[in-house]
Amino acid sequence: MGTKAISQSKGRTGRVQVDGFELCITNWELTHTADEEDITSSCSAGFSEFDYGTEMVEGSVSADWDVSVNIFDDPPYIRAGTFADMILYIHSYPNSNGGPSGPFFSFNAGINNVRITNPQRGKVTYSFDFKSNGVITFPVGQESVS
């Protein structure tokens, strides 16, 4: 018996950059929402009516933390209560400089919290939650546009 390769399991598809610094992530997730605004009035003929308002994306990022780099520091560049420019790549391939390229989400986000998991045995992991603040760039085809 052998192992079977899983399609796209090459450790290069989902990538994350925070303020230009690439994190070695294990996973990221994102939810796109829009506020629902009630516009029901006496002219609504007895039906509920609504429209959409403010859009945002929120989600989380999980990564492994190499504590041997600085054992007295938090995960790099990630602090609760701060804002950061984030790029979340859906499918990444190397560009001419060796960095990530491909379709992505881009936005400025507030970091809501940072969680660090330090088991007795095994690797130290960290994760954080974010919520967008302002303009969101959505992926379209091979390129990302606003």
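Classified by interplanar angle (parallel below 30°, tilted 30° to 60°, perpendicular above 60°), the ring pair Tyr52/Phe50 is perpendicular.
Minimum interatomic distance between Ala80 and Asn112 (heavy atoms only, all atoms of both residues): CB-O, 4.0 Å. Summarising the geometry of Ile90 relative to Pro139, their closest heavy-atom pair is CD1-CG, 3.4 Å, with the distance given to 0.1 Å. Closest approach of Ser60 to Phe130, counting heavy atoms only: N-CE2, 3.4 Å. Nearest heavy atom pair, residue Ile111 against residue Arg79, reads CB-O, 3.4 Å.
Applying the salt bridge (Lys or Arg N to Asp or Glu O under 4.0 Å) rule to pairs touching residues 84-109 yields nothing, sequence neighbours excluded. Within the structure, salt bridge (Lys or Arg N to Asp or Glu O under 4.0 Å) contacts touching residues 32-58 (residues at least two apart or in different chains) do not occur.
Judged purely by atom type and a 3.5 angstrom limit, Trp28 uses its side chain to pair as donor or acceptor with the backbone of Tyr89. Looking at Ser44, its side chain never comes within 3.5 Å of a backbone N or O of Gly46 through a donor-acceptor pair. Side-chain atoms of Ser62 never come within 3.5 Å of backbone atoms of Thr26 as a donor-acceptor pair (strictly under, hydrogens ignored).
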Q) Phe128 and Arg115: side-chain contact (heavy atoms from CB on, under 4.5 Å), yes or no, with the steps? A) CA-CA 6 Å; Phe128 60 92; Arg115 294 174 304 281; 5.8 Å; no
Q | Check against side-chain contact (heavy atoms from CB on, under 4.5 Å), Val124 and Asp64 | A | CA-CA 6 Å; Val124 175; Asp64 292 336; over 6 Å; no
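You'll find the ring centres of His32 and Phe138 inside the 6.0 Å limit.
A side chain to side chain contact (heavy atoms under 4.5 Å, CB included) with Val57 is found for exactly one of Leu88, Thr33, Thr31, Leu30, namely Leu30.
Under the 4.5 Å side-chain heavy-atom criterion for grouping Ile, Leu, Val, Met, Phe, Trp and Tyr, Phe83 is not connected to Val16 through any hydrophobic cluster. In the hydrophobic cluster analysis, where Ile, Leu, Val, Met, Phe, Trp and Tyr join through side-chain heavy atoms closer than 4.5 angstrom, Phe104 is grouped apart from Met56.
To the nearest 0.5 angstrom, Ile136 atom CD1 is 11.0 Å from Asn108 atom CG. With values rounded to the nearest 0.5 angstrom, Ser127 atom OG is found 12.0 Å from Ile25 atom CD1. Here CD1 of Ile87 is found 9.0 Å from OG1 of Thr137. Values are rounded to the nearest 0.5 Å.
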